[in-house]
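Below: the structure, in structure tokens.
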Amino acid sequence: MTETAMSLTRRHLLAGIGTSPMLMSASAALAQGVQPKRGGVLNVILNPEPPILQIGVNNQTPTLICGSKITQGLLKFSPSLEPLPELAKSWTVSPDGLEYVFRLQENVKWHDGRPFTSEDVLYSVMTFNREIAPRLRGVIAGISEATAPDPLTVRFVLKQAFQPFLLCFDATALPIVAKHVYDGTDIRANPANLKPIGTGPFRFAEWQRGNFVRMERFADYWKPGQPYLDGIIWRVIPDGQSRRLAIESGQVHMSTATDIEPFDIPALRQAPNLNVTTKGWEYFSPLFWFEMNHRVKPFDDKRVRQAMSMALDRKFIVERLWFGLGKAATGPVASTTRFYDASATLAPFDVARANALLDEVGLKPNAQGNRGAFKYVIPPYGEIWTRMGEYFRQAMRRIGFDVTLESTDAGTWASRIANWDYEATSNVLYQYGDPTLGVERSYVSSNIQKILFTNTAGYSNPKVDELFAKARTGATEAERRAAFSDVQKILVEDVPLLWVVEVNYPTVTDKRLHNAVQLGTGNHASYDDVFLA
């Protein structure tokens with residue numbers, strides 16, 4: 001084993017036996033000069049309203065943020081992506097990096113009163129997530145043995161060492177679900193997807209469609225004395241200005257992601273009753289892109305995609321549309337993600353070169369200057385998404401494409417993209433700290449599926465498949481880095497997607513709210529240590 005791998009293993013071991021999260025959260029509260037306070041109901045904006053609440057079955061941002069208060073993972077992660085205990089209180093990694101043994105928390109109950117055991121973990125990993133999480137299928141296929149030596153111990157043996165294995169176990173990436181609820185059922189149609197049963201600090205109580213989702217404190221939560229809050233109400237507020245008014249006036253205590261439009265953030269930073277932070281997205285490193293369906297001509301021609309990419313002024317987009325909440329993307333891997341290669345960079349903004357390239361392709365403009373027309377489906381996540389669509393339409397017009405914008409709701413948008421029923425759209429995907437976990441899924445041909453957040457664009461390149469496989473199975477960090485570098489260089493040449501912005505989402509909180517953003521997953525945490533004071 002290399003020194004780097006040994007160092008990584010030692011850090012994992014130390015994290016597994018380190019300070020308990022309860023002590024850490026108390027320290028965080030005292031550091032602010034505020035003692036944790038029991039009671040109160042947290043009001044949070046939920047935009048848009050998700051189709052279901054079960055993480056894993058649906059991985060759209062509102063579901064992840066809301067559902068992570070109900071459903072937990074084995075681990076959680078610091079801003080530097082060091083693993084911390086969650087449902088696993090400790091773990092060990094063998095010196096060769098093949099065996100992972102997790103010791104589970106004691107006295108954990110599901111919200112229906114049944115005990116949480118190692119059988120739930122085995123089912124969640126080997127059945128639930130293997131079936132519904134295409135991003136994890138390659139990782140799970142690398143497990144040669146999965147056993148439960150006793151009710152509080154889980155053991156995984158890998159076919160070969162896989163450095164980012166622990167990064168898989170956050171709730172947003174690999175949720176732990178109740179075997180007795182899902183086993184033997186159609187997972188995607190299970191009624192629990194609407195009324196999740198988890199181990200988290202809050203249990204599902206009520207959902208009034210178009211109005212709110214209400215969660216209440218789980219009295220039998222496994223951390224004594226927690227959670228501090230009596231409950232959480234997730235308020236569905238479709239209008240952007242109403243959302244801003246709600247957070248400014250104190251009607252709600254928190255907004256996340258693009259709940260508040262980027263153009264409103266500068267003013268809210270000056271509000272005396274609010275805090276604004278872009279921390280808490282280190283694990284995800286969100287990357288915004290425009291996506292074309294490669295099954296629709298002329299998007300199957302990489303020269304056309306290259307021209308479309310060169311027609312985008314990313315500096316303008318970051319400064320004038322996102323108001324500085326991010327940086328210009330240079331390729332498929334965010335600069336904050338491990339194995340980013342700064343030498344693999346997209347061609348710069350150049351409308352004249354883009355038009356010349358389209359002429360070379362043979363897409364000559366007609367008398368009106370049009371080379372073609374297509375439709376663009378706007379994701380329904382707020383005004384910024386509409387503005388990005390409008391900018392895209394204008395940018396494409398400069399190179400001769402007539403773009404028609406289509407609006408829809410969250411469920412319909414997800415269904416259309418998953419079923420390849422679109423010509424162009426946009427999306428933001430999370431990178432989960434390592435390209436194998438969050439990047440590979442969008443480009444390998446084995447993941448061309450009718451499932452959202454897979455390779456829905458239909459891009460296929462055997463060399464890219466080969467390099468991602470090499471990076472996934474590389475025995476050393478140097479081998480993985482070399483493969484990732486090579487694949488990034490191919491992708492910025494092929495431009496399967498038009499990468500635009502590395503997004504720094506803002507979280508706006510009322511100053512009465514404490515501990516809302518502590519981890520590398522920010523407001524995707526369970527919130528057992530969050531309080532109002």
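The basis for the numbers below is simple: all heavy atoms, side chains too, and nothing from hydrogens, waters or symmetry mates. As the structure is a prediction and not an experimental result, all values here were calculated from the model.
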Backbone N/O of Ala342 and side chain of Thr345: donor-acceptor pair under 3.5 Å: yes

With distance as the sole test, does Asn355 use its side chain to make a donor-acceptor pair with the main-chain N or O of Ala352 at under 3.5 Å? no

Just by distance, do the side chain of Gln60 and the backbone of Pro48 share a donor-acceptor pair under 3.5 Å? no

Contact between Val333 and Phe484 at the side-chain level, heavy atoms closer than 4.5 Å - yes or no? no

N/O donor-acceptor pair under 3.5 Å between Asn447 side chain and Phe453 backbone: no

Testing the 3.5 Å rule here: is there a donor-acceptor pair between the side chains of Asp259 and Tyr505? no

Does the side chain of Arg314 come under 3.5 Å of the side chain of Ser309 through a donor N or O and an acceptor N or O? yes

Between the side chain of Glu291 and the main-chain N/O of Thr425, is any donor-acceptor distance below 3.5 Å? no

Would you say Ile317 and Trp322 make side-chain contact, with heavy atoms under 4.5 Å? yes

Within the 3.5 Å criterion, strictly below it, is a donor on Thr330 or Tyr340 matched to an acceptor on the partner's side chain? yes

Does the side chain of Leu498 come within less than 4.5 Å of Met292's, by heavy atoms? yes

Is Thr473 reaching over with its side chain to a backbone N or O of Ala469, donor-acceptor style, under 3.5 angstrom? yes

N/O donor-acceptor pair under 3.5 Å between Asn293 side chain and Tyr422 backbone: yes

